[in-house]
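A quick write-up on the structure given underneath.
Both ligands and their constituent atoms are indexed starting at 1 by order of listing.
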Amino acid sequence: MENILKHNFSAGPSILPPEVLEGARHAIGNWQDQGLSILEVSHRTPEFRKVVDEVEELLRELMNIPSGYSILFIQGGASTQFSMIPFNFMGRTGKAAYLDAGFFSKRAIVEASHFGLVDVVASSADSNYTFIPSDYKVDPSCSYFHCTSNNTIEGSQMHSFPSSPVPLICDMSSDILSRTIDISQFDLIYAGAQKNMGPAGVTVVIVKDDLLNNINNKVPAMWDYRIFRECHSLYNTPPVFSLYVMLLNLRWIKKQGGVKEMESRNKIKADILYKEIDSNPLFQNAIVKEDRSLMNVSFSINKSELENAFYEFAQKEGMVGLRAPFGNSFRASLYNALPISSVQALVNTMKEFTISMDFQTSLNTCYL
Ligand SMILES: *Cc1c(COP(=O)(O)O)cnc(C)c1O
C-alpha cells in the first residue's frame with residue numbers, strides 16, 4: 001500500500017485512507033472478479049443492492065441509529081438539502097426556526113426563505129461568527145429548528161445540542177462520524193459525504209419516520225424524501241461509485257475501532273494543533289475557546305505580511321489545503337483519515353517557520 005504523498009488538510013473533498021483508495025482502484029479494474037468495473041455495474045443488480053444495504057447497515061452500527069429512522073442516499077450535496085428540507089417540511093406552518101452561526105447556516109437560511117418565513121433565533125454574524133449563540137428560544141409554532149453542528153469555514157462546533165420544542169434538523173456535513181452523538185435528539189441529520197464519509201457525489205440523510213409520515217404537501221419526486229425511502233434510494237440512478245467508496249471508508253472506520261476511536265484520535269489531533277496556536281506568538285485562533293472545532297481549525301498569522309511566506313513554507317513541507325477560502329488566513333481540517341503524524345508535521349512546520357522569522361529579524365537588526 002502506498003504511503004500518503006502529501007499532508008492533506010483540505011476541507012473537502014478531503015483526505016481518504018490509503019487502503020480505501022487502493023480498494024477503489026481495484027474496484028475500477030475488476031469489481032468482485034465479475035469482469036466488470038464498478039463504474040459499469042447496473043444499480044439494479046443484486047450485487048449493487050448489497051452495497052447499498054451494507055452502507056446502511058454500517059451507518060446504523062457505527063452511529064448507533066435506532067429503528068424508526070430511515071437512511072437515504074441523495075445527490076446534489078448538502079446544498080440541495082438547504083432547499084429540500086423546507087420544501088418538504090415547512091408547509092405545515094409556513095415557518096421554520098434557524099440558528100445562524102456560520103457561512104453554511106446562512107446559506108441554509110437564504111434557501112429556506114424561498115419557501116416561507118424564517119425565524120432566525122440567534123446569530124453571531126455581527127461578531128464574524130467567532131462563537132455559537134446559546135441564548136435563544138425556539139418558537140413552538142415553527143415547523144422545525146435547523147442548526148449546523150460544525151461550521152466548516154469558521155472552525156466552530158456545537159459541543160452540545162439544544163432541546164427543541166419542534167423537530168430538530170442538523171447539518172452535520174463536516175463532523176458526522178467524527179464523534180459519538182445521540183441520534184434520538186434529532187429528527188433529521190444530513191451530511192455531504194466528501195468531508196468525513198467518502199468522496200463527493202452522495203449525501204446521507206438520516207430521518208425519523210414520524211417526520212416523513214407527517215408531510216402533507218406535494219413535492220416533485222426528486223425532492224420528495226418519501227420517494228427515496230420507498231425506493232430504498234434507488235428511484236433513479238444513485239451515485240454508484242461514490243456509494244461504493246463510502247462503503248470502503250465505513251469498513252475502514254469500523255476496523256479502526258469505530259466512531260469512539262475516531263473521536264479520541266480527533267481530540268488528540270485538535271489538542272496538538274490548538275496548543276501550538278495558543279503558545280506560538282506568531283499564530284492565533286479567533287474562535288471562543290469553548291466553541292472551537294475539533295475538525296476544522298482556523299488560524300491566522302499575527303503579521304499578515306508573512307501570510308504568503310508561511311503558506312509557501314508549508315507547501316514545501318508537503319502540506320496542502322491550508323489556505324482558508326476567506327476570512328481567516330489558514331484552516332487545517334483534521335478529518336478522520338488524517339493521521340496524527342500529519343498534525344505533528346504541521347506543528348513542526350509552524351515552529352520552524354517562527355524560528356526562521358526570528359532569525360531573519362535578528363539578521364536585519366545586525367545590518368541596521
Ligand atoms: C461543505 C458543507 C456544505 C455544502 O456541501 P456541498 O455538498 O458542497 O453542497 C454544507 N454545510 C456544511 C456544514 C458544509 O461543511
Side-chain angles (χ1 to χ4, degrees), residues 8-16 72-87 96 98-114 118 123-125 129-133 144-159 161 168-179 181 186 188-206 222-223 228 233 238-239 241-243 245-246 249 266 270 287 291-298 321 323-328 331-338:
N8 186 358
F9 294 97
S10 180
S14 68
I15 183 167
L16 286 165
L72 316 175
F73 306 108
I74 301 177
Q75 300 195 54
S79 302
T80 296
Q81 295 305 308
F82 294 164
S83 45
M84 198 159 169
I85 288 162
F87 208 161
Y98 278 72
L99 179 63
D100 178 25
F103 174 89
F104 285 115
S105 58
K106 186 76 194 176
R107 277 204 169 165
I109 288 166
V110 170
E111 291 304 294
S113 70
H114 300 309
V118 177
S123 171
S124 51
Y129 294 125
T130 46
F131 69 99
I132 295 181
Y144 60 85
F145 174 45
H146 178 282
C147 62
T148 311
S149 58
N150 184 70
N151 297 291
T152 323
I153 305 268
E154 294 79 8
S156 65
Q157 189 173 26
M158 297 175 80
H159 295 293
F161 294 94
L168 182 60
I169 294 183
C170 188
D171 177 357
M172 289 195 186
S173 291
S174 50
D175 68 352
I176 194 163
L177 295 167
S178 73
R179 54 172 168 169
I181 51 155
F186 302 92
L188 188 149
I189 290 168
Y190 66 97
Q194 73 275 16
K195 309 266 167 64
N196 219 12
M197 273 190 297
V202 59
T203 305
V204 171
V205 173
I206 301 161
M222 284 303 287
W223 297 86
F228 281 85
S233 300
F241 186 58
S242 303
L243 277 161
V245 181
M246 184 159 109
N249 195 43
N266 291 332
I287 304 297
D291 295 334
R292 282 174 164 183
S293 170
L294 302 186
M295 283 280 97
N296 309 96
V297 178
S298 56
R323 179 97 74 186
F326 27 70
N328 292 298
R331 174 187 48 187
S333 298
L334 314 180
Y335 297 123
N336 287 348
L338 185 84

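- For the residue pair N196 / S178, no side-chain donor-acceptor distance below 3.5 Å is found, with atom types taken as modelled.
- Here A78 pairs with S173, Y190 under the side chain to side chain contact (heavy atoms under 4.5 Å, CB included) rule; sequence neighbours left out.
- In this structure, a donor-acceptor pair under 3.5 Å is present between the side chains of N151 and S156.
- Residue D100 holds its CG atom at 4.0 Å from CD1 of I109, rounded to the nearest 0.5 Å.
- Partners of S293 according to the side-chain hydrogen bond (donor to acceptor under 3.5 Å, both in side chains) rule, which considers only residues two or more places apart in sequence or in another chain, are N150.
- Taking the ring pair (Phe, Tyr, Trp, His ring centres under 6.0 Å) definition, one finds that F82 meets it with nothing, sequence neighbours left out.
- For a heavy-atom separation below 4.0 Å, the residues in contact with ligand 1 are G77, A78, S79, F82, F104, T148, N150, T152, D171, S173, S174, Q194, K195.
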